[in-house]
**Student:** 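The structure that follows is given in the form of structure tokens.
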Amino acid sequence: DVEEALGPELYVGDTVTWQYIVQNIGNVKLTNINVTDNIEGSAICPKAILQPGEDMTCEITDGVVAVGQYENTATVVGTPPTGSNVTASDSSWYYGIWKKGHIIVDKVTNPSGDSTSFNFTTTGTDYVGFTLTDTTPPNDQELLFGDYSVSEETVTGWHSASSCTSSIGDTESADDLELDPGETITCIFTNSKLSIDVVKTANPTSVPETGGDVEFTIRVNNSSAVSVNLTSLVDDKFGDLDGVGTCDVPKTIVSDGSYECKFTKTLSGEAGGSHINIVTAVASGVSDTDDATVDFSDVAPAIEVTKSPSVLSVLETGGDVTFTFTVKNTSTEEPVTILSLSDSVYGTLVGDADCKVGTVLAAGATCEFSITKWVEGDYSGGDHYNKFTAVAEDNDGTDASDDDDATVDFSDVAPAIEVTKTADTLVLPVPGGNVEFTVVVTNNSQESVTLTTLTDDIYGDLDGSGT
């Protein structure tokens, strides 16, 4: 029994059962008893007659709580055996309030049990922001009906997805929650930890120092439970790889999937050194790096020398011969420095201004110099033979050498002699007398000759005659 306003608080929309207790406080029987509520209408009573001192309860069962202050008055009318009807009235109050609803937010991580804290921002009357981890209880807030939203602040390295369910079957989404009185909306935010693994390989892993093509392969593996969006591939030596070779970003990589691309570059460097380059991949805010190493193998220098005489033959008596020496760097890529120039006959060679010890020859370049020497020998003896040797080194200190020889023949020179014969007197008296003959043999050659015979047409072989 409510005696005054405001009365009890009741939830708007709930069903109200009104009970009316009717008592005959008189000393005569009352008939035709009727109970009427000024708001709710006629009440249902178990009977229409009450004896003196008897009471009964009448009801109205289909009342619905209205919003705000509510007052209704019931009036009962009964008929006594004689006289006018008797009547009585009584009032009742309640205050209709809206029933609150609940928004429950739960956090789930994949993998489960992660301790990362996630911050949530909210909109709507009295809806307060909060923080959750996978292991904390869900956030449950009781709120008046109305429009709300809840969103999760982005955490680098995590993918977020949400789903909401309604206790009354409404369709709800976290960014647009329409909370009805008494409704419970449950939203689950699932965060999957993002992870990628980058693998970079080179083929081949070694090239000559002079250079060679290398094919690089980049593979990005997605080990996350959700897809990731590959947005960047950058190499610390070759820059942005988008559009290089077969590389093309952005690309979506499904869970446990991968993306692979290739590109080719020409590399060269110092022998014993190496080329190291690092690729960085970025996908959905997470990144990973990997490097590849290509070694540079030594390429031995190579030179080619030639020695050529100005003539291939001289008189055995001798002549000037000009020898021309050339040194060629037959390497295709790197220069060489001449370390020594020598000849088997003429010893250390000085060379000339642009072809000497210390001269640097670019790849494919040649230098030459000449010397002139007197060459003589015996026709019947050996030829003139000498060998030219050059030594050079590359920038790694690796030597290269080569030699070439030249042969000059000696041509025969015929000997020449002149014979004079004189008598000490040109006249003898009769019958005759002694005459001394002098024979002079002169060698007009440039080489010695051996006198083998002396004969006289009168006196025959002169060997042993006179002196």
**Student:** Suppose the criterion is side-chain hydrogen bond (donor to acceptor under 3.5 Å, both in side chains): which pairs have a residue in residues 209-222, not counting sequence neighbours?
**Tutor:**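 Only Asp213-Thr266, Thr217-Lys262, Arg219-Asn221, Arg219-Ser258, Arg219-Glu260, Asn222-Ser224 qualify under side-chain hydrogen bond (donor to acceptor under 3.5 Å, both in side chains).
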**Student:** From Ser313 OG over to Glu316 CD, what is the distance, rounded to the nearest 0.5 angstrom?
**Tutor:**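 One gets 10.0 Å once the value is rounded to the nearest 0.5 Å.
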**Student:** Counting N and O atoms only, with roles assigned by atom type, does the side chain of Thr359 sit under 3.5 Å from a partner on the main chain of Lys356, one being a donor and the other an acceptor?
**Tutor:**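 Yes, because the side chain of Thr359 sits within donor-acceptor range (under 3.5 Å) of the backbone of Lys356.
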**Student:** Which pairs count as ring-ring contact (aromatic ring centres under 6.0 Å, His included) when at least one residue sits in residues 350-380, sequence neighbours excluded?
**Tutor:** Phe325-Phe369
**Student:** I need the single residue from Val150, Ile103, Leu143 that forms a side chain to side chain contact (heavy atoms under 4.5 Å, CB included) with Thr122. Which is it?
**Tutor:**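 Answer to the side chain to side chain contact (heavy atoms under 4.5 Å, CB included) test with Thr122 among Val150, Ile103, Leu143: Val150.
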**Student:** Between Asp175 and Ser149, do the side chains contain a donor N or O and an acceptor N or O under 3.5 Å apart?
**Tutor:** no
**Student:** With sequence neighbours excluded, give me every disulfide bond (SG atoms under 2.5 Å apart) pair touching residues 429-467.
**Tutor:**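 Sorted pair list comes back empty.
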**Student:** Return each pair, listed once, that meets disulfide bond (SG atoms under 2.5 Å apart) where at least one residue sits in residues 369-432; pairs must be two or more places apart or across chains.
**Tutor:** none
**Student:** Kindly write out the residues that satisfy side chain to side chain donor-acceptor pair (under 3.5 Å) with Lys251, not counting sequence neighbours, or none if the list is empty.
**Tutor:**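 So Lys251 forms a side chain to side chain donor-acceptor pair (under 3.5 Å) with Asp248.
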**Student:** Among pairs that include at least one residue of residues 252-334, which meet disulfide bond (SG atoms under 2.5 Å apart), considering only residues two or more places apart or in two chains?
**Tutor:** Cys247-Cys261
**Student:** What residue among Val254, Thr252, Leu233, Ile218 forms side chain to side chain contact (heavy atoms under 4.5 Å, CB included) with Tyr259?
**Tutor:**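 That would be Leu233.
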**Student:** Short question: side chain of Gln69, backbone of Leu6 - any donor-acceptor pair under 3.5 Å?
**Tutor:**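 Such a contact is found between Gln69 side chain and Leu6 backbone.
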**Student:** Using residues 337-347 as the side-chain source, report each donor-acceptor pair under 3.5 Å to any protein atom, sequence neighbours left out, with the distance given to one decimal.
**Tutor:**
unit_1	atom_1	unit_2	atom_2	d
Asp343	OD1	Val345	N	2.8
Asp343	OD1	Tyr346	N	3.0
Asp343	OD1	Asn386	ND2	3.2
Asp343	OD2	Lys307	NZ	2.6
Asp343	OD2	Asn386	ND2	3.1
Ser344	OG	Lys387	N	2.7
Tyr346	OH	His384	NE2	3.4

**Student:** Output every pair passing side-chain hydrogen bond (donor to acceptor under 3.5 Å, both in side chains) with a member in residues 283-295, not counting sequence neighbours, ordered by first then second residue.
**Tutor:**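 As it turns out, there is no side-chain hydrogen bond (donor to acceptor under 3.5 Å, both in side chains) pair with a partner in residues 283-295 once direct neighbours are skipped.
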**Student:** Count the heavy atoms belonging to other residues, nucleotides or ligands that lie under 6.0 Å from CD of Glu142, then report whether that count exceeds 12.
**Tutor:**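 Yes, enclosed.
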**Student:** Would you please name every residue forming a side chain to side chain donor-acceptor pair (under 3.5 Å) with Glu183, sequence neighbours left out?
**Tutor:** Ser166
**Student:** In terms of heavy-atom contacts, does NZ of Lys328 have more than 12 from other residues, nucleotides or ligands at under 6.0 Å?
**Tutor:**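 At most 12 heavy atoms, drawn from other residues, nucleotides or ligands, come within 6.0 Å of this atom.
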**Student:** Which residue is it: Asn110, Thr154, Leu194? I am looking for the one with a side chain to side chain contact (heavy atoms under 4.5 Å, CB included) to His159.
**Tutor:** Leu194
**Student:** So, Asp114 side chain and Thr116 main chain: donor-acceptor pair closer than 3.5 Å or not?
**Tutor:**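 Flag set: sc Asp114 to bb Thr116 pair under 3.5 Å.
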**Student:** Can you pull the ring-ring contact (aromatic ring centres under 6.0 Å, His included) pairs that have at least one residue in residues 112-142, sequence neighbours excluded?
**Tutor:** Phe118-Trp158, Phe120-Phe130, Phe120-Phe189, Tyr127-Tyr148
**Student:** Counting only heavy atoms not in Glu393, do more than 12 fall under 6.0 Å of its CD?
**Tutor:** yes
**Student:** I'd like to know whether CG of Asn444 has more than 12 heavy-atom contacts from other residues, nucleotides or ligands below 6.0 angstrom.
**Tutor:**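 Check passes, neighbour count above 12.
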**Student:** Quick test of your reading: applying ring-ring contact (aromatic ring centres under 6.0 Å, His included), list the pairs with at least one residue in residues 447-467, sequence neighbours left out, ordered by first then second residue.
**Tutor:**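 As it turns out, the ring-ring contact (aromatic ring centres under 6.0 Å, His included) pairs with a partner in residues 447-467, which skip direct neighbours, are Phe437-Tyr459.
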**Student:** Sequence neighbours left out, what pairs pass disulfide bond (SG atoms under 2.5 Å apart) with at least one residue falling in residues 346-380?
**Tutor:** Cys355-Cys367
